Amino acid sequence: FPSHDMLDGYTTGKDSSVKISYGKNCCDDFINYLDKVEDKYICAYNGSGFDFYMLLNLLKDKGHNINDIILSNGSILSFRFGKNNKVFDLYRFINSSLDSACNAYNIKNHKIKFDVLKIQSWELAEKYRNEVEPYLKYDVLSLSELFFKFNDYMYQLEKINITSYITLSHLAYTLWTMTIKEYIEL
């Protein structure tokens, strides 16, 4: 769910519909949606470095309980909120730009380019709206497609769901420990 002060967008699964909120109340629309969901993963790309801070503050402002926060070097890796919802950062598994990941994984709904520095005010947000909304739509679609492609691959390969882990190193350590046949006490 890429989110900014003036816009946010999300999809609810493998379908191609994207909900976009634009303008001063866009974050309220997204929080209202989150109020209704349960047992969901809210996936972002590099959310631990940006989006999760905004989301955490918005949820706290609306009185949501925040639980199980995991921080590392100033990044919010994970937290739970609401009715057993949890944030998940796909970047922590792919470790490249979303654009590069789309190329590497042959994502058909490839993100498009837009100079986000054009948006410096509400007036400019409205002026460039016809460029921003398609950018956001494909940002959301490419993230969704990448998530399902990577997760499906990992499930086929190792019978694991990536949302059970916080980072690629967490997943790799778990897979490594599964290969240990005999434990030696030192």
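Remember, it's a predicted structure, so these values are computed and weren't measured experimentally.
Separating the CD1 atom in Ile94 from the OH atom in Tyr45 is a distance of 5.5 Å, to the nearest 0.5 Å. Separation of atoms NZ (Lys137) and CD1 (Ile112) is listed at 9.5 Å; rounding is to 0.5 Å. For the atom pair NZ of Lys111 and CG of Leu146, the computed distance is 11.5 Å after rounding to the nearest 0.5 Å. Arg92 CZ to Ser78 OG: the interatomic distance, rounded to the nearest 0.5 Å, is 11.5 Å. Between Leu56 atom CG and Asp51 atom CG the span is 12.5 Å, to the nearest 0.5 Å. For the atom pair CG (Asp29) and CD1 (Ile20), the distance works out to 12.0 Å, reported to the nearest 0.5 Å.
Counting all heavy atoms, side chain and backbone alike, Ile162 lies closest to Phe88 at O-CE1, 3.4 Å. Across all their heavy atoms, Leu58 and Cys27 have their closest contact at CD1-CB, 3.6 Å. Pairing each heavy atom of Glu145 with each of Asn106, the nearest pair is OE2-O, 4.2 Å. Considering every non-hydrogen atom in both Cys102 and Ser142, the closest pair reads SG-CB, 3.5 Å. Closest approach of Ala101 to Ile107, counting heavy atoms only: O-CG1, 4.4 Å.
For the pair Asp139 (side chain) and Tyr135 (backbone), a donor-acceptor distance under 3.5 Å is absent. Side-chain atoms of Thr11 never come within 3.5 Å of backbone atoms of Val18 as a donor-acceptor pair (strictly under, hydrogens ignored). Looking at Lys127, its side chain never comes within 3.5 Å of a backbone N or O of Ile119 through a donor-acceptor pair. One N or O on the side chain of Lys149 and one on the backbone of Tyr105 form a donor-acceptor pair closer than 3.5 Å. A donor-acceptor contact shorter than 3.5 Å links the side chain of Asp89 to the backbone of Asn46. Checking side-chain atoms of Asn85 against main-chain N and O of Lys40 turns up a donor-acceptor pair under 3.5 Å.
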Point to revise | Verdict with reasoning, Leu141 to Lys108, per side-chain contact (heavy atoms from CB on, under 4.5 Å) | key: CA-CA 9 Å; Leu141 289 174; Lys108 71 175 180 170; over 6 Å; no

Exercise for review: Decide side-chain contact (heavy atoms from CB on, under 4.5 Å) for Ile76 and Leu55; before the verdict, give the C-alpha distance in whole Å, the side-chain angles of both, and the deciding distance to 0.1 Å.
Suggested key: CA-CA 11 Å; Ile76 299 174; Leu55 180 59; over 6 Å; no

Review point. Would Phe147 and Thr163 satisfy side-chain contact (heavy atoms from CB on, under 4.5 Å), going step by step from the backbone distance to the final call?
Key: CA-CA 10 Å; Phe147 171 83; Thr163 58; 3.8 Å; yes

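No close placement of the Phe114 and Tyr138 rings is indicated, their centers lying 6.0 Å or farther apart.
Hydrophobic cluster membership of Leu77, counting Ile, Leu, Val, Met, Phe, Trp and Tyr whose side-chain heavy atoms lie under 4.5 Å apart directly or via other members: Ile70, Ile166.
Counting non-hydrogen atoms of other residues, nucleotides and ligands closer than 6.0 Å to OH of Tyr53 gives a total above 12. Other residues, nucleotides and ligands contribute more than 12 heavy atoms inside 6.0 Å of the CG atom of Asn95. Applying the 6.0 Å contact sphere to OH of Tyr41 captures more than 12 heavy atoms from other residues, nucleotides or ligands.
Ring pair Phe30/Tyr33 is parallel by interplanar angle, where below 30° counts as parallel and above 60° as perpendicular.
The shortest side-chain heavy-atom distance between Tyr165 and Phe93 falls under the 4.5 Å cut-off. Counting heavy atoms from C-beta on, the side chains of Ile31 and Asp61 never come closer than 4.5 Å. Considering only heavy atoms from C-beta on, Glu158 stays 4.5 Å or farther from Leu171 through its side chain. With contacts defined as side-chain heavy-atom distances shorter than 4.5 Å, the pair Leu136/Tyr22 does not qualify. For the pair Phe50/Met54, a side-chain contact is recorded, criterion being any heavy-atom separation below 4.5 Å from C-beta on. Looking at heavy atoms from C-beta onward, Val140 lies out of side-chain contact with Lys19 at the 4.5 angstrom threshold.
Using a cutoff of 4.0 Å between basic side-chain nitrogens and carboxylate oxygens, Lys113 and Asp99 are scored as salt-bridged.
Cluster membership check: Leu117 does not share its hydrophobic cluster with Leu98, using side-chain heavy-atom separations under 4.5 Å among Ile, Leu, Val, Met, Phe, Trp and Tyr.
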